[in-house]
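Single-structure report; data block below.
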Amino acid sequence: MPHEPSSTRPHAAAGTALPRIAVCGIHIESSTFTPYVSTAADFDVRRGDAVLDRHPFLAAGSPLREAAAWHGVLHAGALPGGPLDREDFEAWRAEILEGLAALVSGSDGASLDALWFDIHGAMSVRGMDDAEGALITAIREVIGEDVLVGTSMDLHGNVSPALFAGCDQLTCYRTAPHVDVAETRERAVRSLLDALAAAPDGLPAPKPHRALVHVPILLPGEMTSTRVEPAASLYARIPELAAREGVTDVSYWIGFAWADEPRCQAAVVAFGADGEAVDAAALELATAIWETRHEFVFVAPTGTLEECLDTAIASPARPFWISDSGDNPGAGGADDTTGCLAALASRPEIRAGEVTALLVSIVDPETAGRAAELGVGRRGDVVVGGRIDARDPGPVPLHIEVEALDHSPATGVAAVLRVLAPAGGESPSEPRSPELRPTSQRSTGLRPTGLRLVVTSRRAQFSTEAMFARLGLTMTVADVVVVKMGYLEPDQHAAAADWMMALTPGGVDQDLVRLGHRRITRPMLPFDAEIPAPSAADVLR
Ligand SMILES: [Zn+2]
């Protein structure tokens, strides 16, 4: 559909009218190595003012909310998962373009001044290589070149040339774990408002100078946590770089390790009023990253699952936490591989109850539903996990007792299951059975083991004390706590007396070379022994 270029229309920023700012985005991190396919059902989809209400700094009546006429077009956000279904993406894209077209050619004669493109940056869509780049390119065709576009991203997102070309102001988080999400988004919004305030009457906001330098390093978040070096020092340099004369913001994207797409690599972007200062800041940070390229290490001691379990059981530290990192749903893992469950269920110390263990959590709608059907205090037989990612050992049959039940938007049905073992001491696992058997046949002669397991009907991450509390659990309730996570989130980190990361197989395997990327640019660390140093010739503007 044809659209009048915004420069020929009066800008709302002129005179006393408030600037018109649209907000839209699709926010998900997608592993292309997981069998899971994300669909609209996984997303929180918002329209109108609900798009703004996700942000405390844009609460009704707040100074930033009052500073512009905001238009929430559409925002869809989900827990990390697999690639997004193409039809769902196309439907949202059409709705976003339609909404923006209506704003650009508004019946009140005002045009659009700015767009806040609120995305994660590592969304994969089936059949596409650069979904966010394609989306912003389509958006530009509708809104024109004059509208100021700012984006705030997760530092695990990717900055493709198309995304860079479509955005005037790009920024991302400076912490991992991400404790500066709201701060980053607010910074992006303030940058937009500042630029609009600097616009001459009746004219579009001046565009900043921008510089992008890619650094061909692809690393998991677990080797680039800002809790440890060298990422801690690299991110600590940013405030000084961003405070320089003529520089507005400087950002460092780690990039997303678990997608096999040409855009996946680290990136630095700077923007501001002074082109030379912007270029220098971007190249300086990119060079600093390059200089530390061989220093990135895991954020915690690592080992195979068995090595981690041996250490945890022998350790005096309680609770001892273990991350099942290859199936971390927070990075896009299926959330239902069963290697950890089978290993915990067969450890003699745990079966005997000498060591208590808690596995949090496995997505299994069937088992969660079965637990809800049974009710608290009832026993039954279930087959847990392996429905999405069926890799060895696949679904695990268990005798269980339901200890607690809950229902929340984040988890769907959630159940705490106590794993039971035959009183006589035979294996707690029966041979695999495709269907669930009635309680009455199996519930006699069983005793509790030391193992408890949480199952949910939705993919979920128990990252906060509050989520444990909903099920009557605490983060220190067991000697050994196994979580489907990579690095631990703040509450978990505080609760863990000690911690190891199990380098388990899965859709977000920490061993990238073992995963087998084929389509990334080369040379790239860690796939190649060396990469060239960034130079002035590598600066994209
Ligand atoms: Zn992230």
Side-chain angles (χ1 to χ4, degrees), residues 26-34 36 38 80-84 89 117 119-137 151 153-167 170-173 176 178 212-225 231 234 251-269 282 285-286 289-290 293 296 325-326 328 330-333 486-487 506-532 534 538 540:
I26 309 173
H27 185 114
I28 186 173
E29 179 177 284
S30 313
S31 168
T32 63
F33 296 100
T34 176
Y36 190 72
S38 296
L84 175 58
F89 171 77
F117 192 45
I119 59 170
H120 177 289
M123 165 171 65
S124 290
V125 175
R126 296 176 101 188
M128 298 178 79
D129 264 346
D130 178 15
E132 287 93 347
L135 181 56
I136 196 65
T137 302
T151 187
M153 298 168 61
D154 189 305
L155 58 80
H156 298 121
N158 306 296
V159 184
S160 70
L163 182 68
F164 180 68
C167 299
L170 303 95
T171 196
C172 68
Y173 310 152
H178 309 313
L212 163 63
V213 185
H214 281 125
V215 189
I217 303 176
L218 196 58
L219 292 173
E222 285 62 29
M223 295 181 88
T224 47
S225 166
L234 291 168
S251 298
Y252 165 22
W253 282 259
I254 298 295
F256 188 61
W258 293 293
D260 192 11
E261 296 171 349
R263 64 179 181 164
C264 297
Q265 60 179 320
V268 173
V269 172
L285 184 55
I289 296 165
W290 181 82
R293 67 199 178 282
F296 293 92
S325 65
N328 169 20
Y487 55 67
V508 291
D509 196 324
Q510 297 283 340
D511 185 341
L512 299 186
V513 176
R514 173 168 80 180
L515 262 184
H517 295 66
R518 289 189 174 80
R519 306 184 55 240
I520 51 173
T521 62
R522 303 292 288 267
M524 176 88 68
L525 287 177
F527 305 91
D528 301 290
E530 195 48 284
I531 53 171
D538 299 316
L540 296 177

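Here, residue 1 is the first one in the sequence, and each next residue gets the next number.
Between the side chain of Ser30 and the backbone N or O of Gly81, no donor-acceptor pair lies under 3.5 Å. For the pair Thr224 (side chain) and Pro220 (backbone), a donor-acceptor distance under 3.5 Å is present. Judged by distance alone, the side chain of Asn328 and the main-chain N or O of Gly330 form a donor-acceptor pair under 3.5 Å.
The minimum heavy-atom distance between Ala286 and Val213, with the atom names listed, is CB-CG1, 3.6 Å. In this structure, Val159 and Val269 approach most closely via the heavy-atom pair CG1-CG2, 4.2 Å. Taking all atoms of both residues into account, the shortest heavy-atom contact from Leu219 to Met223 is CD2-SD, 4.3 Å. Across all non-hydrogen atoms, the minimal contact from Ile136 to Cys167 is CG1-SG, 4.2 Å. Contact detail for Phe296 and Ile289: the closest heavy-atom pair is CE1-O, 4.5 Å. Considering every non-hydrogen atom in both Gly332 and Ser31, the closest pair reads O-CB, 3.9 Å.
Taken from CZ in Phe527 to CG in Leu515, the straight-line distance is 8.0 Å, to the nearest 0.5 Å. Put simply, NE2 on His120 and NE2 on His27 are 5.0 Å apart, with the number rounded to the nearest 0.5 Å. To the nearest 0.5 Å, atoms CD1 (Ile119) and CD1 (Ile26) are separated by 9.5 Å.
His178 and Asp154 share a side-chain donor-acceptor pair at under 3.5 Å.
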Could you pull out all donor-acceptor pairs under 3.5 Å where a side-chain atom in residues 255-265 meets a protein atom, sequence neighbours excluded?
unit_1: Trp258; atom_1: NE1; unit_2: Val508; atom_2: O; d: 3.3
unit_1: Trp258; atom_1: NE1; unit_2: Asp509; atom_2: O; d: 2.7
unit_1: Asp260; atom_1: OD1; unit_2: Arg518; atom_2: N; d: 3.0
unit_1: Asp260; atom_1: OD1; unit_2: Arg519; atom_2: N; d: 2.8
unit_1: Asp260; atom_1: OD2; unit_2: Arg518; atom_2: N; d: 2.9
unit_1: Glu261; atom_1: OE1; unit_2: Arg263; atom_2: NE; d: 2.8
unit_1: Glu261; atom_1: OE1; unit_2: Arg263; atom_2: NH2; d: 3.2
unit_1: Glu261; atom_1: OE2; unit_2: Ser124; atom_2: OG; d: 2.6
unit_1: Arg263; atom_1: NH1; unit_2: Asp130; atom_2: OD1; d: 3.1
unit_1: Arg263; atom_1: NH1; unit_2: Glu132; atom_2: OE1; d: 2.8
unit_1: Arg263; atom_1: NH2; unit_2: Met123; atom_2: O; d: 2.7
unit_1: Arg263; atom_1: NH2; unit_2: Glu132; atom_2: OE1; d: 3.3

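Residues meeting the side-chain contact (heavy atoms from CB on, under 4.5 Å) test with Thr171, sequence neighbours left out: Ser152, Thr184, Arg187, Ala188, Asp249, Ser251. Among residues two or more places apart in sequence or in another chain, the side-chain contact (heavy atoms from CB on, under 4.5 Å) test is passed with Arg293 by Ile217, Trp290, Leu525, Glu530, Ile531.
Contact check for His214 versus Asp538: no side-chain heavy atoms found under the 4.5 Å cut-off. Put simply, the side chain of Leu212 does not reach to within 4.5 Å of the side chain of Val268, judged on heavy atoms. For the pair Pro83/Val125, no side-chain contact is recorded, criterion being any heavy-atom separation below 4.5 Å from C-beta on.
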* Between Leu155 and Tyr252, does a side-chain contact (heavy atoms from CB on, under 4.5 Å) hold up when you go through it step by step? -> CA-CA 7 Å; Leu155 58 80; Tyr252 165 22; over 6 Å; no
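A side chain to side chain contact (heavy atoms under 4.5 Å, CB included) with Met153 holds for exactly one of Tyr173, Trp253, Phe117; it is Trp253.
Between His517 and Phe33, the distance separating the two ring centers is shorter than 6.0 angstrom.
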